[in-house]
Amino acid sequence: MSNQPRMVHCKKLNAELPGIPFRPFPTEFGKQVYDNVSMKAWQMWLKESPRYINTYRLDLQTKEGRDFLENQMKVFFGFEEGDLADTAWRAPEEG
């Protein structure tokens, strides 16, 4: 068995990249992410997701909170068309 990372064609970054080594959720969407999202894009999402959780005060213990975040994830990774929800976070102004 080789130690080569599992490669995927990343939907978000449109490139062949090492995939996530695990299914992030035990759902069909978790399989979709596992099959189509690179580790690099997943790490981008992990940096981005607290902005939604904090801005919308999501309770991930509730179905509504999880559904909202999953929907943002689908748009972020390009599985669904649409605009990401606005967050309170703003990029620092340059200059």
Side-chain angles (χ1 to χ4, degrees):
M1 195 148 158
S2 77
N3 287 340
Q4 294 295 332
R6 183 180 64 86
M7 300 300 282
V8 298
H9 185 83
C10 182
K11 192 158 180 60
K12 170 86 176 160
L13 301 173
N14 193 26
E16 283 294 311
L17 294 162
I20 306 170
F22 54 86
R23 259 173 83 164
F25 323 103
T27 61
E28 191 53 41
F29 178 58
K31 180 174 176 3
Q32 233 185 338
V33 170
Y34 179 77
D35 290 340
N36 299 287
V37 174
S38 68
M39 193 64 196
K40 183 175 181 181
W42 180 249
Q43 288 167 333
M44 290 165 62
W45 170 252
L46 293 180
K47 283 191 181 84
E48 188 77 15
S49 60
R51 297 175 187 164
Y52 298 105
I53 294 165
N54 295 338
T55 298
Y56 295 94
R57 293 183 168 74
L58 298 181
D59 179 355
L60 299 180
Q61 301 300 311
T62 67
K63 181 170 177 8
E64 292 78 16
R66 290 189 305 273
D67 287 350
F68 178 89
L69 200 60
E70 182 175 299
N71 190 48
Q72 294 307 300
M73 218 180 296
K74 286 177 178 173
V75 174
F76 181 83
F77 290 127
F79 293 113
E80 286 183 6
E81 293 290 317
D83 295 321
L84 289 167
D86 288 329
T87 65
W89 184 85
R90 294 289 172 257
E93 302 258 333
E94 296 206 12

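Side chains included, hydrogens not; waters and symmetry mates left out as well; all remaining heavy atoms used. Please read all numbers here as calculations on a predicted model, not as lab measurements.
- The two residues L13 and M44 come nearest to each other via the heavy atoms CD2-SD, 3.9 Å.
- L60 is connected to F25 through a chain of hydrophobic side-chain contacts under 4.5 Å among Ile, Leu, Val, Met, Phe, Trp and Tyr, so both are in one cluster.
- R66 contributes atom CZ, which lies 11.5 Å from atom CG of L58 (distance to the nearest 0.5 angstrom).
- In terms of the salt bridge (Lys or Arg N to Asp or Glu O under 4.0 Å) criterion, residue partners of E70 (sequence neighbours excluded) are, by chain and number, K74.
- Taking E80 as the reference, nothing meets the side-chain hydrogen bond (donor to acceptor under 3.5 Å, both in side chains) condition, with sequence neighbours excluded.
- Across all non-hydrogen atoms, the minimal contact from P24 to W42 is CB-CH2, 3.5 Å.
- Residues satisfying the ring pair (Phe, Tyr, Trp, His ring centres under 6.0 Å) criterion with Y34, sequence neighbours excluded, are absent altogether.
- In this structure, CD on Q43 lies 8.5 Å from OG on S38, to the nearest 0.5 angstrom.
- A search for side-chain hydrogen bond (donor to acceptor under 3.5 Å, both in side chains) contacts involving K31 returns D35, not counting sequence neighbours.
- Across all their heavy atoms, D86 and T55 have their closest contact at O-CG2, 4.1 Å.
- Nearest heavy-atom pair across L69 and Y52 is CD1-CB, 3.9 Å.
- A donor-acceptor contact shorter than 3.5 Å is absent between the side chain of K12 and the backbone of V37.
- Under the side-chain hydrogen bond (donor to acceptor under 3.5 Å, both in side chains) criterion, D67 pairs with K63, sequence neighbours left out.
- For the pair F77 and N36, the minimum side-chain heavy-atom distance is 4.5 Å or more.
- For N14, the side-chain hydrogen bond (donor to acceptor under 3.5 Å, both in side chains) partners are H9, not counting sequence neighbours.
- Within the 3.5 Å criterion, the main-chain N or O of A85 finds a donor-acceptor partner in the side chain of Q72.
- The heavy-atom pair separating K11 from G78 by the smallest distance is CE-O, 2.9 Å.
- With a 4.5 Å cut-off on side-chain heavy atoms, P18 and R6 do not count as touching.
- Under the 4.5 Å side-chain heavy-atom criterion for grouping Ile, Leu, Val, Met, Phe, Trp and Tyr, F29 is connected to L46 within one hydrophobic cluster.
- To the nearest 0.5 Å, atoms CZ (F79) and CD (Q32) are separated by 4.5 Å.
- Annotation: side chain of D59 is not in contact with side chain of F68 (no heavy-atom distance under 4.5 Å).
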